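Only one structure is covered here, and it is reproduced in the block below.
Remember, predicted model here, so these are calculated numbers, not experimental data. To find a chain, count down the sequence lines: A is the first, B the second, and so on, and within it residues start at 1.
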Amino acid sequence: MEVSHVYDWKSAEVRLQEYWEKQKIYAFDPDDKKREIYSVDTPPPTVSGKMHIGHAFSYTQQDVIVRYKRMKGFNVFYPFGTDDNGLATNLMIEKLKNVKASKMERKAFVKLCIDTLKEIRPGFIGDWKRIGLSADFSIFYTTIDEHSQKISQESFIELYHKGREYRKEAPIMICPQCQTAIAQVEMEDVEKESNLCHIKVKVETGEEIVYATTRPELLPACVGFSVNKSDPRYKHLIGKKVKLPLTNREVVISHDDSVDPAYGTGAVYFCTYGGVECIEWLTRHPGVEPINIMGINGKYNEKAGKYAGMTSNEARKEIVADLEKAGVLVKLEKIKHAVNVHERCGTDIEYVATPQWFIRYLDLKDDMLEWGSELNWHPEHMKNRYNNWVQGLKWDWCISRQRVFGVPFPLWYCAKCGEIILADVKDLPVDPLVDKPKKACKCGSKQFNPEHDMLDTWATSSLTPQIATSLFKDKPIYKKLLPMSLRPQAHDIISFWLFNTVVKSQLHYDKNPWKDVVISGWALDPHGRKMSKSKGNIVDPQIVLQKYPADSLRYWAAGSKLGDDMPYQEKDLVTGVKTVNKLWNACKFGFMHLEDYKQGNATEAVDQWLLAELHKVVKECSAFMDNYEYARAKLEIDKFFWITFCDNYLEIVKDRLYNPAKRGEEARRSAQYTLYTTLFTVLKLFAPIMPYITEELYQIYFKKKEKTESVHICSWPSFDADMIDTHKLAAGKVILHVLEHARRAKSEQSKSLKAPIKKMVVSAKIEPDLFSAISEDLKATTMCEELLYKKLPPKSEAEIEHDIIL
RNA sequence: GGACCCGUGGUCUAGUGGUUAUGACGCCACCUUCACACGGUGGAGACCGCCAGUUCGAAUCUGGCCGGGUCCACCA
């Protein structure tokens, strides 16, 4: 058997990856009628740059699980998609191509996006292949492709017909500088200095009170005035009218829980819209109509009176001056507070009311909690995040976005009567900017205004189970794919991707999209801090993989249990490399002695002990893997392989393998059988974690014996409970004890491990027959010339005793 | 402010009522080349964050405190 001296992982990884693709090792078989299906709702990574180490971390964890299931005999449905219909992609294209979506024709920008994505996608996906992800890459989708658009638009139409969708005016965030709608991810908090204006107002009772605000310019849009009913200063004024300065409008003073008597003056005015608190205040005070004084361009309109045409900053100066002139400005108090600004230009964001589409679901809170509890969460505590999110929901789901790139709404408005015209499902996907409705409106008009907005990216990515499985819509197996077996993902998007997927699935099908949920943690920097560009502590997996085998990166990732964040330390990869090499070397040794191997069985007691340990490990690992505890399984395999097998067993059998003349041919055959069985089993146990090295070793030797194309479709080792024989395990304890103390005795005297031992007396509780069955091996391994045994009485406190004379 | 997670040798980590408290890296000493020095053997190194409580017995359960982190909400 020619096995090269060292494992050349760089060439092996490329070669094996090609082999897997060519042989379709990870292919889902849609025509298989026998095997049970294990389906995975693979997270489609966002195409916004390169893969980062956190991806390698969490995708490895899910891949270990999936590989285990495949070996357990499941017909694995493991699709792969990319998420590229969202803002992140939009921004990436703008940066990459140095363009501005807002300054381009929508059609041209969308085309640019789609073309650019096509270019960069293969390289992006290559990173996932590189880490050994065993997805079936032929089951592929992107969240912007026609198939996904169709499903997303179909979902919109269906939920509209179910009465779950409505359109109404709602505040959105805009940047008055860039004159564009912005999303939460584009915002950042900045500590700013500001003036808290104390302004005097007159109550109808004749009393004067003072309220405090940082947004005095919104006075023309003031819709309410609140105090806290527990505040003795103002309690008696609730229900009374107050006259606002300058405009002389009157609003009613009400109680509101959010008003903190200790802040400012304890009296607050609410405007449409000063911020989130004003929006929330409005929802708590039904019947109050907003006064929309700002347009989407960030400028005040005619409702602002003399301040029309100004921005907030301009209006603020004017109003403060006017208030002072009117003698109602009590004081300007300098304060520092956190302000939300647009991260690109640093401008304070504004809230402007525009028509938006919503999915009505606030009425389903109790159901949502129920749906969440029906999922099997791993780890269990991640369910709290879901529950926490549901309990905190305050608004329906706003699914419209004022953007140019994404999945369009499949609808138009009749230019004459305003009727909503939905696209025909059979015509999907449609772009209302380009396409036209096929029929005239009920009112007879043939003039339509398209909906310009895009669907929220989550409205599409919450449909990944449907998007992936409906690729097999024409096959009978389609019905068996939903609900899917597993949703793997990281914990940061439980409240987005996971939650929204559950909601959509329930609204469409009245059932959950999957059975099990596994949540992985994050890769942190070596000091346990989150990686971020601004901290400059990002670890680039491409660089890592030039230096270390993918298996070692996976070995590291598989060492962290689900949900736990893990600091990335380069030394942990070194441990992986060592394990890869140890496997290589142990197999090299094994293959050398297995050249003439024929099927046999274990006749020697030491071999029977090793096999008992092996069965024990298989049993434990299988139980751990079934429970998605791959990290604990890994620990057990590691311990068995390195310590029990390499450090101890291999040292013991060398004598029998090298010296058949002395020990007999049968003793060698027994060792060969044990070696073959154990090595093959160890490779299979390690295969989900380290797919490359295990495959390489399988191809070199085992394939011709086992006849299966790849170790990754070999069946997971089974165990025989009868094999876990307590007598054999007790003998093993004696073996290990003797080896340890013989080695220690030599080490203490600074002697070589090959130094002879004159005499050794061992006492233990195993039967003398059993001891003599292991004594030849023990003598050879410890270089002991005379080995004697005394059986200890069953009641003896000591389990094993020894006396060693060097 | 709400919720959740975590605090174990220098570093990272396993362990969820009874273990001489796991392993890795690092450190010290020794051993060589017949699988592997990316190796082997042995060793030093932990009052298991702090304080109470439950228990015959607590790293492990309960309460409080301190420290770190994450998600959500953030004060006109």
Side-chain angles (χ1 to χ4, degrees), chain A residues 3 5-7 189 194 196-197 211-216 218 226 256 258-260 262-271 274-278 280-281 335 337-338 340 379 381-394 491-496 521-522 524 526-530 552 556 559-561 563-593 631-632 634-636 638-639 642-643 646-647 650-651 654 657-659 739-755:
Chain A
V3 182
H5 184 61
V6 286
Y7 168 51
D189 282 8
S194 169
L196 187 61
C197 302
Y211 73 94
T213 179
T214 54
R215 303 290 308 269
L218 288 169
S226 279
D256 196 89
S258 75
V259 177
D260 176 4
Y263 190 93
T265 63
V268 191
Y269 88 150
F270 291 92
C271 313
V276 180
E277 66 288 343
C278 293
E280 288 191 17
W281 182 91
I335 58 156
H337 65 157
N340 289 324
H381 73 256
M382 287 296 175
K383 187 165 76 180
N384 290 322
R385 299 218 181 173
Y386 174 97
N387 289 346
N388 214 0
W389 173 258
V390 171
Q391 278 151 2
L393 280 179
K394 283 182 187 143
H491 53 59
D492 51 334
I493 47 174
I494 289 175
S495 43
F496 299 99
W522 274 343
L524 305 174
H527 309 286
R529 293 173 312 184
K530 207 165 144 178
S552 68
W556 161 71
S560 172
K561 63 183 175 197
D564 270 16
D565 296 339
M566 178 86 147
Y568 169 84
Q569 308 209 75
E570 194 165 336
K571 67 181 180 64
D572 291 334
L573 292 206
V574 175
T575 312
V577 180
K578 286 183 179 181
T579 305
V580 166
N581 284 312
K582 193 78 175 173
L583 265 173
W584 179 261
N585 287 311
C587 283
K588 195 168 74 178
F589 171 82
F591 299 164
M592 194 166 82
H593 292 284
R632 298 181 76 174
K634 170 178 171 280
L635 220 60
E636 294 302 321
D638 267 340
K639 233 169 30 188
W642 206 292
I643 299 170
C646 289
D647 292 349
L650 288 186
E651 292 307 318
K654 275 179 181 171
L657 291 168
Y658 281 115
N659 308 310
L739 288 186
E740 183 191 336
H741 287 90
R743 285 162 173 169
R744 185 174 299 174
K746 293 176 189 179
S747 183
E748 273 166 3
Q749 297 193 25
S750 295
K751 287 195 172 161
S752 160
L753 291 180
K754 294 197 168 156

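Aromatic ring pairs are classed by plane angle as parallel below 30°, tilted from 30° to 60° and perpendicular above 60°; the pair A:His491 and A:Trp522 is tilted.
Across the strands present, B:C65 finds its partner in B:G49; the criterion is a Watson-Crick or G-U wobble pair with both atom distances under 3.5 angstrom. Of the nucleotides present, B:C72 is the one that pairs with B:G1 by Watson-Crick or G-U wobble criteria, both distances under 3.5 Å. With a cut-off of 3.5 Å on both pairing distances, the Watson-Crick or G-U wobble partner of B:U41 is B:A29.
Using a 4.0 Å heavy-atom criterion, one finds that A:Arg529 contacts no nucleic acid atom at all. Nucleic acid contact class of A:Glu280 (heavy atoms, under 4.0 Å, all strands): sugar-phosphate only. Within 4.0 Å of A:Leu196, counting heavy atoms only, lies no atom of the nucleic acid at all. Within the nucleic acid shown, A:Asp647 comes within 4.0 Å of sugar-phosphate atoms alone, with no base atom in reach, counting heavy atoms only. Using a 4.0 Å heavy-atom distance criterion, A:Lys588 is classed as a sugar-phosphate-only contact. Using a 4.0 Å heavy-atom criterion, one finds that A:Trp584 contacts no nucleic acid atom at all. Among the atoms of the strands shown, base atoms are found under 4.0 Å from some heavy atom of A:Cys646.
Look at the C1' atom in both B:C27 and B:U33: the space between them is 25 Å, to the nearest Å. Taking atom C1' on both B:A44 and B:A29, the two are 10 Å apart, rounded to the nearest angstrom. One C1' atom belongs to B:C6, the other to B:A14, and the distance between them is 15 Å to the nearest Å. Separating the P atom of B:U11 from that of B:C47 is a span of 11 Å, rounded to the nearest Å. Rounded to whole Å, the separation between the P atoms of B:C75 and B:C4 comes to 24 Å. One P atom belongs to B:U8, the other to B:U60, and the distance between them is 13 Å to the nearest Å. Nucleotides B:C25 and B:G40 are separated by 9 Å at their P atoms, to the nearest Å. For the C1' atoms, the distance from B:U22 to B:G45 is 15 Å, rounded to whole Å.
For the pair A:Tyr263 OH and B:C75 C1', the interatomic distance rounds to 7 Å; values are reported in whole Å. The interatomic distance linking A:Met566 (CE) with B:U70 (P) rounds to 18 Å, in whole Å. If you measure from atom NE2 of A:His593 to atom C1' of B:C34, you get 8 Å, rounded to the nearest angstrom. With rounding to whole Å, A:Arg744 atom CZ is found 7 Å from B:G42 atom P. To the nearest angstrom, C1' of B:C75 lies 15 Å from CZ of A:Arg215. Rounded to an integer number of Å, the gap from A:Asn581 CG to B:G40 C1' is 16 Å. In this entry the distance linking CD of A:Glu651 with P of B:U33 reads 13 Å, nearest Å. What separates CG of A:Asn387 from C1' of B:G2 is a distance of 14 Å, to the nearest Å.
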- Task: Kindly indicate, with the supporting measurements, whether the criterion salt bridge (charged side-chain N to carboxylate O under 4.0 Å, His left out) is fulfilled by A:Glu636 and A:Arg632.
- Result: CA-CA 6 Å; A:Glu636 294 302 321; A:Arg632 298 181 76 174; over 6 Å; no
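For A:Ser752, the side chain to side chain contact (heavy atoms under 4.5 Å, CB included) partners at least two apart in sequence or on another chain are A:Lys754.
At least one donor-acceptor pair under 3.5 Å links the side chain of A:Asn384 to the backbone N or O of A:His381. With A:Lys746 contributing its side chain and A:Lys751 its backbone, the two residues share no donor-acceptor pair below 3.5 Å. In this structure, the side chain of A:Ser560 does not engage the main chain of A:Trp556 through any donor-acceptor pair within 3.5 Å.
To the nearest 0.5 angstrom, A:Lys561 atom NZ is 11.5 Å from A:Leu635 atom CG.
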Return the polar atom pairs (N/O with N/O) between nucleotides 3-5 of chain B and the protein under 3.5 Å, or none.
from, atom 1, to, atom 2, distance (Å)
B:A3, O2', A:Asn388, ND2, 3.4

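Considering only the side chain of A:Trp642, B:G40 comes nearest among B:G42, B:G40, B:U70. Closest to the side chain of A:His491, from the set B:G40, B:U70, B:A73, is B:U70. The side chain of A:Asn585 approaches B:C36 more closely than any other nucleotide in the set B:C36, B:U41, B:A76. Here the side chain of A:Asp260 is nearest to one of B:C72, B:A76, B:C36, namely B:A76. Between B:G42, B:A14, B:A73, one nucleotide has an atom nearer to the side chain of A:Lys561 than all others, and that is B:A14. Looking at the side chain of A:Lys394, the nearest of the listed nucleotides B:G42, B:C71, B:A73 is B:A73.
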- Item | Under 4.0 Å protein heavy-atom contacts per nucleotide of nucleotides 19-32 of chain B, with B for base, S for backbone only and - for none | -----BS----SSS
